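In what follows, a structure is listed as structure tokens, so that the remarks can point back to it.
Side chains included, hydrogens not; waters and symmetry mates left out as well; all remaining heavy atoms used. Note that the numbering runs from 1 along the sequence shown for the chain. Everything numeric in this text was worked out from a predicted model, so none of it was measured. Atoms within each ligand, like the ligands themselves, are counted from 1 in listed order.
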Amino acid sequence: METVLITGGAGFIGSHVVRRLIDGGYRVVCVDNFNTIYNPAFKEQNVAPFLSLKSFRLERADIRDKAALKMTFEKENPAYIVHLAALGDTRNAVDNPGEYVDVNINGTLNLLELTREYKVKNIVMASSSSVYGNTPRFPWVESETADTPLSPYGATKRAAELFAYTYHHNFGLNITCLRFFNAYGENNRPGMVPYVWTEALLKGKEIEISGDGSRKRDYTYVGDVADATILAMNKPLGYEVLNIGNNKPVSLLELLAVLEKATGKSSTRRMRPSHSASVEITCADISKAKRLLGWEPKVPIEEGIRRLIAWFRENRLED
Ligand SMILES: NC(=O)c1ccc[n+]([C@@H]2O[C@H](COP(=O)([O-])OP(=O)(O)OC[C@H]3O[C@@H](n4cnc5c(N)ncnc54)[C@H](O)[C@@H]3O)[C@@H](O)[C@H]2O)c1
């Protein structure tokens, strides 16, 4: 049984990846510090189904703590690293850039240093569509320079990709950076629009729309994102950067229409100005991921939203 060390495995995307790894016959060691950026009880719920499994071990540790990470490497000798732990809020990063540098860059460096010391077959790292900023050519291709992110969050993700390249170049590590585009679905991170609006509709609260509602996002179902992560882990490619998106951007107003139809509720709306770190459109060219991983998204937005709402009704309605 090969061991996968996953960071951020208690989070939204991570919990889906852990499920797939366990079902695929891997032993999983999850490093997560259960930070309080959002309610850590949600993360406890995410990992609860795994805690009794022999093939799962939870390490409550911080990726900024290199000594703790080193002990985990020493003990577990992982064959693969899936690195998802990060601070991930574009707007929050504008006011707290130092924290984002600490976790998203220095934490990543700790992992890269350790993978250099302990041989691993492959490293998959979460990057983000935020690296593209407002790149005006659509769909976005990985060969864009991606040097004008709007948020310090995007800057830390781009920096992590660049550091990863240097570790590939100097030490021959296999590293694939996946640029995720607006994941949504079960275990959704609260604070993201699909979650916030699902909650508002089901609890009869007002919906806040930023800008005029025309802003578009390439919403990608979390199960598809997790599938791409597993495929990437199983296929060392040297160094690659791959977009993982849906290639079908929907506007905020279109998303709201899908949510209204799926919940059977109509919204009361309030418009507010857009944040300066919010991009206008995200849209992934996914041909490279198709070619190199044989991956493409399977779940259309109507179905993914239906699953998000069903999960929300079961797990969050009482909160
Ligand atoms: N959700 C998206 O749409 C999206 C889009 C682009 C990129 N990403 C990236 O994907 C990854 C996963 O995102 P998510 O949406 O699941 O977020 P999440 O916040 O739900 O998950 C991140 C997890 O990492 C943990 N973590 C944070 N800092 C840590 C630290 N210092 N040490 C140990 N653990 C720590 C958190 O406790 C959390 O459980 C992140 O790297 C994020 O930047 C997500």
Side-chain angles (χ1 to χ4, degrees), residues 5-19 29-47 50 58-66 68-69 72 81-90 92-93 96 99-111 123-132 140 149 151-161 164 177-195 217-226 228-229 232 241-246 279 282 284 304 308:
L5 189 158
I6 179 167
T7 71
F12 164 39
I13 297 173
S15 55
H16 289 263
V17 175
V18 169
R19 165 56 65 205
V29 178
C30 169
V31 172
D32 202 300
N33 71 347
F34 292 76
N35 72 20
T36 53
I37 292 269
Y38 65 85
N39 188 349
F42 294 167
K43 300 172 193 179
E44 300 287 352
Q45 283 173 17
N46 292 343
V47 291
F50 311 129
L58 179 61
E59 188 86 56
R60 293 175 189 268
D62 194 308
I63 58 165
R64 290 169 291 185
D65 182 348
K66 194 172 172 195
L69 276 182
T72 306
I81 310 293
V82 177
H83 174 38
L84 305 178
L87 302 181
D89 187 314
T90 49
N92 177 262
N96 303 291
E99 287 176 26
Y100 282 69
V101 168
D102 267 357
V103 176
N104 298 1
I105 301 180
N106 293 333
T108 301
L109 272 177
N110 283 342
L111 273 166
I123 304 158
V124 179
M125 287 178 22
S127 185
S128 166
S129 58
S130 300
V131 301
Y132 291 108
W140 288 338
S151 163
Y153 164 68
T156 63
K157 286 291 181 179
R158 185 73 179 114
E161 290 180 355
C177 302
L178 300 178
R179 291 178 177 167
F180 297 150
F181 282 64
N182 291 83
Y184 71 93
E186 300 93 327
N187 298 357
N188 214 113
R189 175 155 35 105
M192 299 180 78
V193 168
Y195 182 104
R217 290 288 176 271
D218 202 4
Y219 289 109
T220 312
Y221 177 62
V222 66
D224 286 327
V225 172
T229 307
V241 173
L242 303 177
N243 287 338
I244 301 300
N246 208 40
V279 305
T282 69
L308 166 62

* Asked: So, does Asn243 use its side chain to make a donor-acceptor pair with the main chain of Trp140 at under 3.5 Å?
  -> yes
* **Enumerated ligand 1 atoms positioned under 4.0 Å from heavy atoms of Ala126** => 9 (C), 10 (O), 11 (C), 41 (O)
* Return the minimal non-hydrogen interatomic distance between Arg189 and Tyr195, and the atom names on each side. => O-CB, 3.8 Å
* **Value rounded to 0.5 Å, distance of CG in Leu242 from CG in Leu178** => 6.0 Å
* Asked: Can you tell me the protein heavy atom closest to atom 3 (O) of ligand 1 and the distance?
  -> Ala183 N, 2.7 Å
* Please state which protein non-hydrogen atom is closest to atom 44 (C) of ligand 1 and give its distance, to 0.1 Å? -> Ile13 CD1, 3.7 Å
* If you have a sec, work out which protein heavy atom is nearest atom 23 (C) of ligand 1 and how many Å separate them, to one decimal? => Gly8 CA, 3.5 Å
* Asked: Does Ser127 approach ligand 1 within less than 4.0 angstrom via side chain, backbone, both or neither, non-hydrogen atoms only?
  -> backbone
* To do: Measure up the Phe181 and Tyr132 rings against each other and bin them: parallel (under 30°), tilted (30 to 60°), perpendicular (over 60°).
  => tilted
* For Lys43 and Asn35, indicate whether the former's side chain and the latter's backbone hold a donor-acceptor pair under 3.5 Å. => yes
* Asked: Counting from 1, what ligand 1 atoms have a heavy atom of Ala61 closer than 4.0 Å?
  -> 32 (N), 33 (C)
* Asked: Quick one: which of Thr229, Asn33, Ile6 has a heavy atom closest to atom 35 (C) of ligand 1?
  -> Asn33
* Asked: What is the closest protein heavy atom to atom 37 (O) of ligand 1, and at what distance does it sit?
  -> Asp32 OD1, 2.6 Å
* To do: Can you pull out the closest protein heavy atom to atom 17 (O) of ligand 1? Residue, atom name and distance to 0.1 Å, please.
  => Arg189 NE, 3.2 Å
* Asked: Going by atom types alone, do Asn92 and Tyr100 pair a side-chain donor with an acceptor below 3.5 Å?
  -> yes
* Donor-acceptor contact below 3.5 Å, side chain Thr7 vs main chain Val31 -> no
* Subset of ligand 1 atoms that lie under 4.0 Å from at least one heavy atom of Asn182 -> 3 (O)
* Asked: Under 3.5 Å, N or O to N or O, is Lys43 touching ligand 1 that way?
  -> yes
* Asked: Between the side chain of His16 and the main-chain N/O of Val225, is any donor-acceptor distance below 3.5 Å?
  -> no
* Just how far is it from atom OH of Tyr219 to atom CE of Met192, taken to the nearest 0.5 Å? -> 7.5 Å
* Taking distance alone, with no angle check, do Ile63 and ligand 1 share an N/O pair under 3.5 Å? -> yes
* **Contact with ligand 1 for His83, non-hydrogen, under 4.0 angstrom** => no
* Asked: Mind checking whether Tyr38 and Phe42 have parallel, tilted or perpendicular rings, split at 30° and 60°?
  -> tilted
* Quick check: does any side chain N or O of Asn104 sit under 3.5 Å from a backbone N or O of Leu87, one acting as donor and the other as acceptor? -> yes
* To do: Record the part of Tyr153 in heavy-atom contact with ligand 1 below 4.0 Å; permitted values are side chain, backbone, both and neither.
  => side chain
* Asked: Heavy atom of Gly9 under 4.0 Å from ligand 1?
  -> no
* Closest by any non-hydrogen atom to atom 5 (C) of ligand 1: pick that one out of Phe12, Phe34, Phe180. => Phe180
* Contact atoms of ligand 1, heavy-atom distance to Met192 under 4.0 Å -> 1 (N), 2 (C), 3 (O)
* Return the residue, atom name and 0.1 Å-rounded distance of the protein heavy atom closest to atom 20 (O) of ligand 1. => Tyr38 OH, 2.5 Å
* Nearest protein heavy atom to atom 28 (N) of ligand 1, by residue and atom, and its distance? -> Asn35 ND2, 3.5 Å
* **Nitrogen or oxygen atoms of Gly11 and ligand 1 under 3.5 Å apart** => yes
* **Distance (rounded to the nearest 0.5 Å) between Thr108 OG1 and Ile63 CD1** => 5.5 Å
* **Ala85 neighbourhood, listing ligand 1 atoms whose heavy-atom distance to it stays under 4.0 Å** => 24 (O), 26 (N), 34 (N), 35 (C)
* To do: Do me a favour and list the nearest non-hydrogen protein atom to atom 12 (C) of ligand 1 with residue, atom name and distance?
  => Leu84 O, 3.6 Å
* Report yes if Ser128 has an N/O atom closer than 3.5 Å to an N/O atom of ligand 1; otherwise report no. => no
* Asked: Of the non-hydrogen atoms in Cys30 and Gly9, which two are nearest, and what is the gap between them?
  -> SG-CA, 3.5 Å
* Can you tell me if Ala10 has a non-hydrogen atom under 4.0 Å from ligand 1? -> yes
* To do: Heavy-atom distances under 4.0 Å are what count here, so tell me which part of Pro40 touches ligand 1: side chain, backbone, both or neither.
  => neither
* Does Arg179 come within less than 4.0 Å of ligand 1, judged by its heavy atoms? -> no
* Asked: Just by distance, do the side chain of Thr282 and the backbone of Asp218 share a donor-acceptor pair under 3.5 Å?
  -> yes
* To do: In sequence, state the C-alpha distance, the side-chain angles, and the governing distance for Lys157 and Arg179, and then conclude on side chain to side chain contact (heavy atoms under 4.5 Å, CB included).
  => CA-CA 9 Å; Lys157 286 291 181 179; Arg179 291 178 177 167; over 6 Å; no
